[in-house]
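A note on names: the letters A, B, ... follow the listed sequences, proteins ahead of strands, and every chain is numbered from 1.
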Protein chains: 2
Amino acid sequence: VDSVPIDDRGLLLGDGLFETILADAGRLEAFEAHADRLIRGCAALGLPAPEPDRLRAAAEAVLRGTGLAGVRAAVRLTWTAGSGGRGLERPARPEPRLLAQAAPAALPAGPASLASVAIRRNAHSPLSRLKTLSYLDNVLARRQALAAGADEALMLNAEGEIAGGAAANLFWIAGGRLFTPALACGVLDGIMRAQTLAAAADLGVEVVEARAPPVVLAGAEGVFLTNSLIGLRAVDEIDGRPVPRHGLVEQLNRARG
Amino acid sequence: VDSVPIDDRGLLLGDGLFETILADAGRLEAFEAHADRLIRGCAALGLPAPEPDRLRAAAEAVLRGTGLAGVRAAVRLTWTAGSGGRGLERPARPEPRLLAQAAPAALPAGPASLASVAIRRNAHSPLSRLKTLSYLDNVLARRQALAAGADEALMLNAEGEIAGGAAANLFWIAGGRLFTPALACGVLDGIMRAQTLAAAADLGVEVVEARAPPVVLAGAEGVFLTNSLIGLRAVDEIDGRPVPRHGLVEQLNRARG
C-alpha cells in the first residue's frame with residue numbers, strides 16, 4: 001500500500017495506532033512485545049485488532065521490498081481505524097487499514113541533551129500511554145526542545161510530575177536506585193522501558209516507578225533515555241546543566257540484550 | 001485529491017489542522033473566520049499557511065463536484081504537514097497538503113443529552129485550543145458519551161474545570177448571566193462560540209468566560225452547545241438529570257444570524 005483514501009480516519013482524526021520496531025539485519029527485535037502492545041491498544045481504543053502473523057508478514061515484506069533486510073532499520077507498522085463518514089463517530093464495523101514502512105536507523109552518536117518544554121502530557125487520557133496516530137503533542141515537544149538547542153524534550157504531565165521525552169522513556173539514578181515515571185504519570189508503556197526495568201532487577205538494582213517533580217533530576221547520579229530504536233542513551237545535560245555519567249547505564253545496555 | 005501517500009505526516013502523526021464549514025445552498029458560512037483560524041493554527045504549529053483564496057476555491061470546487069452546492073452541507077478542509085521522513089521531526093521545508101471533502105449535514109433534531117466522561121482535555125497543550133489532526137481524545141470522549149446513552153460528552157480539563165463537548169463549545173445560564181469556559185481551560189476557540197458571545201453582548205446579556213467546576217451546571221437555568229454545523233443546540237439532560245429550558249437559547253440562535 002502506497003497511499004490511503006482521504007476518508008481514512010487515521011488521516012482525518014488521528015484515529016489509529018502505530019509501532020516502531022528495530023530490525024537488525026532482518027531480525028525484528030521484540031516483535032511479540034510490539035504486536036502485543038498494538039493489540040492491547042486496539043482494545044483501549046475499541047478497534048478491531050490485527051493478527052500478529054499479519055503484522056510480522058507486513059514487516060518482513062517491507063524490509064525485503066525496501067532492500068533494508070541486511071542493515072539496521074526501523075520498521076513502522078500503522079493500524080488506522082479505516083475509512084469512515086463525516087464526524088467523530090466510527091462506522092458500525094470499522095475496517096482498519098495496515099500500513100508498513102521501513103527506513104535505515106543509525107544509532108545516535110553520543111549522549112543526549114534535554115530541554116524542558118511547555119507542553120505537558122495528559123495522564124487523564126489513555127493516549128498518553130499509547131502510540132497513537134494523534135502524536136502532535138510529541139511533534140511539538142520535540143520542536144520546542146530542538147529550538148532550545150537540545151536533542152530531546154523533557155516533558156512533565158499536567159500535575160507537574162516528570163513524564164519523559166517526546167519519543168523516549170526517561171530514567172534516573174539516585175541513591176543507587178533506578179527511577180522511572182510510573183505509567184500513571186501519562187507515559188508510554190515502552191518496550192525498552194520494560195526490558196530495562198527487568199535488566200535492573202536481574203542486576204539486583206532496586207527499581208522505583210515514581211511520581212516525582214523535576215527537581216529530583218538536579219540531584220540525579222545519572223539520567224538516560226530508552227526506546228526501541230536507541231536502546232539506552234545517556235543524558236549529559238538538562239536545560240544547560242551537566243548531568244553526571246553513571247556506569248549503570250552501560251551495564252544495563254549490555255544486560256538487557 | 002482522493003488519496004494521500006503513506007508518508008504524509010497528517011496520517012502518520014496527526015500533524016496538521018482542519019476546519020469544518022457549514023455550506024448553506026453553496027454559501028460558505030463565516031468562511032473568513034474559518035480561514036483565519038486555520039492560518040493562526042499554522043502559526044501555532046510552525047507550519048506554512050495556505051492563502052484564504054486557495055481554501056475558498058477548494059471548498060467551492062468540492063461542493064460542486066459532489067453535487068452538494070444546493071443543500072445544507074459540511075465542507076471539511078484538511079491541511080496536513082505534508083510528506084516527511086521517519087520520526088517526529090519535520091523536513092526543513094514542509095510542503096503541506098490541502099484536502100477538501102463535503103457531506104450532507106442535517107440539523108440535529110431536538111435538544112442534546114450529555115454524559116460526563118473520564119477523558120480530560122489538556123490545557124497544557126496548544127492542541128486543546130485547535131482543530132488538529134490529532135483528534136483521538138475527542139473521538140474517545142464521544143464514544144464514552146454514546147456508550148452512556150447520551151448524545152455528547154461533557155469534558156473537564158485536567159484541573160477538573162468544565163471544558164466543553166467532544167465537538168462543541170458549552171454554555172450555561174446562571175443568575176441571568178451567560179457563562180462559557182475560558183479558552184485557558186483548554187477549549188476550542190469556536191467560531192460559533194465567538195458569534196454567541198457577541199450576540200449575547202448585543203442583547204445586553206452579561207457574559208463571563210469562566211473557570212468553573214462541573215457542580216455549577218447542576219444549578220444552571222439553561223445549558224447549550226455550539227458549533228459551526230449545529231449553531232446553538234439546547235441541552236436537556238446531563239448525566240440523567242434534567243436541565244431546565246431557557247428562552248435565551250432560542251433568542252441567541254435567532255440573534256447570531
**Study point:** Contact origin within A:D137 toward chain B - heavy atom pairs under 4.5 Å
**Key:** both

Point to revise | Whether over 12 other heavy atoms sit under 6.0 Å from A:E89 CD | key: yes

Exercise for review: Output the distance between atom OG1 (B:T80) and atom CD1 (A:I6), rounded to the nearest 0.5 Å.
Suggested key: 11.0 Å

Revision key, fill the gap. Of the listed B:N157, B:L146, B:V139, the one with the largest count of heavy-atom pairs under 4.5 Å with chain A is B:V139

Revision key, fill the gap. Between A:A166 and B:L88 the two heavy atoms that sit nearest each other are CB-CD1, 3.7 Å

**Study point:** Check: A:L136 main-chain N/O paired with B:S134 side-chain donor or acceptor under 3.5 Å
**Key:** yes

Point to revise | Options A:A141, A:A44, A:G46, ranked by heavy-atom pairs under 4.5 Å with chain B, top entry | key: A:G46

Practice item. Examine whether an atom of B:L99 lies under 4.5 Å from a heavy atom of chain A, and if so say whether it belongs to the side chain, the backbone or both; otherwise answer neither. Key: side chain

Practice item. Find the one option among A:Q101, A:K131, A:E159 whose heavy-atom pairs under 4.5 Å with chain B are most numerous. Key: A:Q101

Review point. Below 4.5 Å, heavy atoms only, C-beta onward: do B:T78 and A:L12 meet side chain to side chain?
Key: yes

Check your understanding: Is the side chain of A:N122 donor-acceptor paired with the backbone N or O of B:R120 at a distance under 3.5 Å, no angle test?
Key -> yes

Check your understanding: Taking C-beta and beyond as the side chain, do B:T20 and A:R86 meet within less than 4.5 Å on heavy atoms?
Key -> yes

Exercise for review: Name the region of A:R121, side chain, backbone, both or neither, that has any atom closer than 4.5 Å to a heavy atom of chain B.
Suggested key: backbone

Revision key, fill the gap. Greatest number of non-hydrogen atom pairs under 4.5 angstrom with chain A, of B:A102, B:S3, B:S125, B:A103, falls to B:S3

Check your understanding: What part of B:A153 gets closer than 4.5 Å to chain A, counting heavy atoms only: side chain, backbone, both or neither?
Key -> neither

Study note, to complete from the structure: Under 4.5 Å to a heavy atom of chain A? For B:L140 that would be side chain

Review point. Which bit of B:A118 comes within less than 4.5 Å of chain A, counting heavy atoms only: side chain, backbone, both or neither?
Key: backbone

Review point. At a heavy-atom separation under 4.5 Å, does B:D15 approach chain A through its side chain, its backbone, both, or neither?
Key: both

Point to revise | Point-to-point distance, once rounded to the nearest 0.5 Å, from CD1 of A:I119 to CG of B:L127 | key: 7.0 Å

Check your understanding: Say you draw a straight line from CG of A:L11 to CZ of B:R97; how long is it, rounded to the nearest 0.5 Å?
Key -> 9.5 Å

Practice item. Go through the atoms of A:L229 and report whether side chain, backbone, both or neither lie under 4.5 Å from a heavy atom of chain B. Key: side chain

Practice item. Can you tell which part of A:D7 gets under 4.5 Å to a heavy atom of chain B, answering side chain, backbone, both or neither? Key: both

Point to revise | Heavy-atom side-chain proximity of A:L13 to B:L133 below 4.5 angstrom | key: no

Exercise for review: With a 4.5 angstrom heavy-atom cut-off, could you sort out which part of A:A100 is near chain B: side chain, backbone, both or neither?
Suggested key: backbone

